Amino acid sequence: MSPVSVHEAEQPRILLVDDEPRLLASLFELLRDGPYQLATASTGEQALQELARLKFDLVLLDLRLPDMSGHDVMDFIRARGIDVDVIVISGEGAIDAAIGAIKRGAYDYLRKPYSREELLHTVGKALQRRALALSNARMASQLETSERMYRYLVDSSPDIIYTLNHEGRFTFVNDRVEQLLGISREELIGKHYSVLVHDEDQERARYVFNERRRDQKAARKVELRLKCFNGNAIERTFSHCLTSIALNAIGLAQDGAVLPHDYFGTYGVARDITERKRAEELISYQAYHDILTDLPNRILFKDRLGLAVIQAKRKQTELAVMFIDLDRFKLVNDTLGHVKGDELLQQVAARLKSVVRRGDTLARQGGDEFTVVLPELAQRADAELIADKFLESLQQPFALDGHEVHISASIGIAVYPDDGETIDELLRHADIAMYHVKGQGKNGHCFYDNSMLDITHQKIVLEQALRRAIEEGQLEMYYQPQVDLASGRVVGAEGLMRWNHPLRGVLTAGEFLPFAEEIGLMLPLSDWMVGALCRDLTRWNLNGGEHVRLSLNVSPQYLERGDFFDKMRAAMLEHKLSPEQIEVEITENICIRNPQHAIDQLQKLCQLGVAVAIDDFGTGYSSLSYLHRFPVHTIKIDQAFVREIRDEHGHYPVILAIISIARGLGLHLIAEGVENEVQARYLQANGCTVMQGYLYHRPMPLTQLLGVFARDALQVPRMAAPAMLAARQA
Ligand code: C2E
Ligand code: CA
Ligand code: CA
């Protein structure tokens with residue numbers, strides 16, 4: 001068989017079945033010029049073979065065949081499920097059989113003798129119908145596929161897609177609704193949309209769903225919250241969570257086109273924007289709150305203050321603004337580290353918060369600064385009352401990881417309208433008042449007063465002055481001798497920095513060093529100190545002070561950041577000083593923070609032979625574990641403990657404990673700040689014999705110290721009594 005052309009393949013294939021050769025030939029003749037592929041069979045058996053072999057569109061079937069009837073052929077077709085149309089050709093006497101064949105599913109029949117036109121017409125009609133049915137079937141299957149496809153797309157959309165009828169009832173909703181809201185589509189169909197809408201949004205929903213019908217513009221956007229059903233059918237109305245969604249609804253016309261008229265329902269797409277909403281809320285919250293303390297930040301504070309000022313202006317009332325700054329917070333932060341510092345701030349914030357009333361705003365301004373606005377102040381005194389409460393709330397120590405930390409605050413208050421009429425003015429004046437409190441010894445509050453100088457201005461002036469002091473040699477080292485009562489002799493002296501201020505006279509270290517530390521001048525000051533001390537020490541050795549040890553204070557900042565060791569070693573080499581004569585005083589706190597650099601510096605110094613003293617012993621946060629880090633030589637009993645001694649025969653357990661620690665560890669012991677004989681006698685009686693304090697000597701310039709050495713050399717050992725030394729000093 002020759003291969004069929006594409007064209008031939010598309011032509012309908014017809015099987016002609018007749019046992020009479022003439023009739024078969026004439027059938028063939030009649031159809032051969034048409035667009036058909038023809039095959040012939042002259043027996044039933046041949047017909048069955050052809051049908052089994054090829055796929056036909058049409059069979060022209062003579063009912064009377066020699067070996068079987070046309071019915072048998074049709075039964076075969078039916079039994080095999082062959083999709084072919086049959087036109088029965090029947091002789092006059094076979095009419096009944098023809099009708100039987102038609103009942104078996106034949107398409108039509110041709111009665112013999114038939115005309116040429118009749119044959120062509122019937123065949124053409126059958127084939128045309130068949131082609132039509134075929135294309136219909138193909139279309140139907142295509143439709144089904146595409147319908148399945150759309151269904152799939154709609155159901156797997158991340159959004160809820162729905163339609164509502166004119167009453168606002170669901171006529172369609174995709175599967176997503178169940179996943180997002182916990183309610184099944186079956187349950188929802190026929191229900192009014194309002195069952196899903198959050199109560200607070202019902203009004204708005206009604207507005208958008210109704211208004212759209214009158215509106216020419218079909219599409220609208222709105223954010224609505226929908227109820228969530230937890231799948232717990234009994235409790236669903238109550239145990240719901242809320243989802244914010246954007247509804248995108250457009251009018252849907254009868255034919256599916258989007259038309260402004262003939263409105264028939266609503267088509268909507270609801271997108272779940274809950275996460276985005278939450279993120280937005282969080283972002284805006286964070287923009288207006290301090291993350292650490294969860295208090296309003298300075299932006300929100302200014303906003304609230306602005307509103308409060310407007311209100312006060314309108315109602316002609318007063319309002320108070322407070323500036324709260326923690327005292328010595330920097331020390332805690334430096335000592336215990338930022339993490340603990342942050343923790344302390346959180347605890348402080350919580351306590352301050354417990355004081356403010358509803359309507360007041362407490363905010364964190366940054367660092368250790370807080371601000372408060374008290375709107376509608378009845379009288380000035382009320383602000384004072386609240387400030388007192390703030391201070392009170394801080395009085396109990398804070399627990400930080402086993403350390404007890406005491407902290408106080410300085411509070412400045414400015415009242416509208418007397419102390420300022422604008423936000424900035426009020427804040428600035430409260431700030432100035434706060435600095436005034438700091439200057440007065442901290443831990444207190446006061447109202448702004450016009451007589452207070454602008455504090456920032458003061459600060460700048462002071463900073464410039466201090467820089468100039470270093471450059472122009474206004475600094476000087478003073479020395480405070482340490483006396484051993486056992487021998488009556490001066491055994492050491494502590495170097496203490498002084499500032500010969502051109503206007504204010506001699507300033508003590510306590511008066512300007514904390515400030516220097518704050519503004520970062522500690523490094524140049526310390527550099528200067530090292531040089532000055534070593535120069536002085538050479539002079540004092542030349543004047544009979546070789547047996548007197550020099551102790552110097554090193555600030556934590558310098559130890560941690562400066563190259564203290566290198567500077568000391570270079571200076572000692574330059575001045576040919578013996579390291580054994582030098583002792584560095586550090587506070588306990590440096591040991592806790594354990595910055596490796598500081599420890600390294602100290603260890604290297606110790607290796608050179610420099611001794612280490614722990615200053616202000618007992619006031620820090622320490623355990624004794626640091627004593628293993630480097631050889632500690634001396635501990636100094638802090639003035640605060642010495643000051644407590646008021647009765648020579650009293651019992652002062654802290655002092656006794658320190659003395660026994662020193663004895664147990666074989667350390668030198670020096671009592672600081674000894675101001676009277678009661679203190680001296682108590683200390684001596686209990687085993688601490690080396691004293692430093694006003695009772696014996698105040699800190700003094702070098703020249704004066706040399707005088708003390710000179711007199712000390714004449715002193716007969718073991719004869720000295722505190723009273724005599726004091727008298728000599730006076
Ligand atoms: P500190 O090391 O505890 O020094 C003792 C302070 O007590 C000194 O104050 C001293 O003048 C004072 N003082 C001595 N005897 C008595 C007394 O009997 N009664 C009373 N009430 N006070 C007495 P100063 O000189 O104002 O120093 C304050 C702090 O500044 C020192 O405390 C020390 O930590 C630091 N400092 C002083 N000089 C230097 C220095 O050159 N470098 C560094 N880094 N820090 C220094
Ligand atoms: Ca000291
Ligand atoms: Ca001290």
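In listed order, ligands and their atoms are each counted from 1. Keep in mind that this is a model prediction, so the values were computed, not measured.
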Kindly identify the option in Ile586, Leu513, Asn553, Leu496 whose heavy atom sits closest to atom 34 (O) of ligand 1. Asn553
Ligand-residue contact atoms, ligand 1 with Thr508, heavy atoms, under 4.0 Å: 26 (O)
Has ligand 1 got any nitrogen or oxygen that is less than 3.5 angstrom from a nitrogen or oxygen of Gln639? yes
Within-shell test, Met477 vs ligand 1, heavy atom, strictly < 4.0 Å: yes
Parallel, tilted or perpendicular: which one describes the rings of Trp540 and Phe709, with boundaries at 30° and 60°? perpendicular
Determine, step by step, whether Arg467 and Glu463 satisfy the salt bridge (charged side-chain N to carboxylate O under 4.0 Å, His left out) criterion, reporting the C-alpha distance in whole Å, the side-chain angles of both residues, the deciding distance to 0.1 Å, and the verdict. CA-CA 6 Å; Arg467 286 185 192 281; Glu463 180 176 346; 3.1 Å; yes
Restricting Glu494 to its N/O/S atoms, the closest one to the Ca ion (ligand 2) is OE2
For ligand 1, which atoms, with element, lie under 4.0 Å from some heavy atom of Ser555? 44 (N)
Distance filter under 4.0 Å to Val674 heavy atoms, resulting ligand 1 atoms: 18 (O)
Given Met691, Gln557, Glu672, Arg498, identify the one with the heavy atom nearest to atom 11 (O) of ligand 1. Arg498
Whether Ser526 lies under 4.0 Å from ligand 1, heavy atom: no
Can you name the atoms of ligand 1, numbered from 1 with element, that are less than 4.0 Å from a heavy atom of Gly693? 15 (N), 18 (O)
Determine whether the side chains of Thr587 and Asp615 contain a donor N or O and an acceptor N or O closer than 3.5 Å. no
Please find out if less than 6.0 Å separates the ring center of Tyr652 from that of Phe641. no
If you compare all heavy atoms of Ser410 against all heavy atoms of Asn443, which two are closest, and at what distance to 0.1 Å? OG-N, 3.6 Å
Could a heavy atom of Gln692 be found less than 4.0 Å from some atom of ligand 1? no
With the threshold set at under 4.0 angstrom, would you say Glu494 reaches ligand 1 through any of its heavy atoms? yes
Heteroatom test (N, O or S) for Glu585 near the Ca ion (ligand 2), limit 3.0 Å: yes
Ligand 1 atoms nearer than 4.0 angstrom to some heavy atom of Met522 are 44 (N)
Taking the N/O/S atoms of Asp615 one by one, which is nearest to the Ca ion (ligand 2)? OD2
Compare Glu675, Glu511, Glu517, Met529 and give the one whose heavy atom is closest to atom 42 (N) of ligand 1. Met529
Pick one of side chain, backbone, both or neither for how Asp616 approaches ligand 1, counting any non-hydrogen atom pair under 4.0 Å. side chain
Heavy atom under 4.0 Å from ligand 1: found in Leu552's side chain, backbone, both, or neither? neither
Using heavy atoms and a 4.0 Å limit, tell me yes or no: is Arg643 in contact with ligand 1? no
Strictly under 3.0 Å, is any N, O or S atom of Ser551 next to the Ca ion (ligand 2)? no
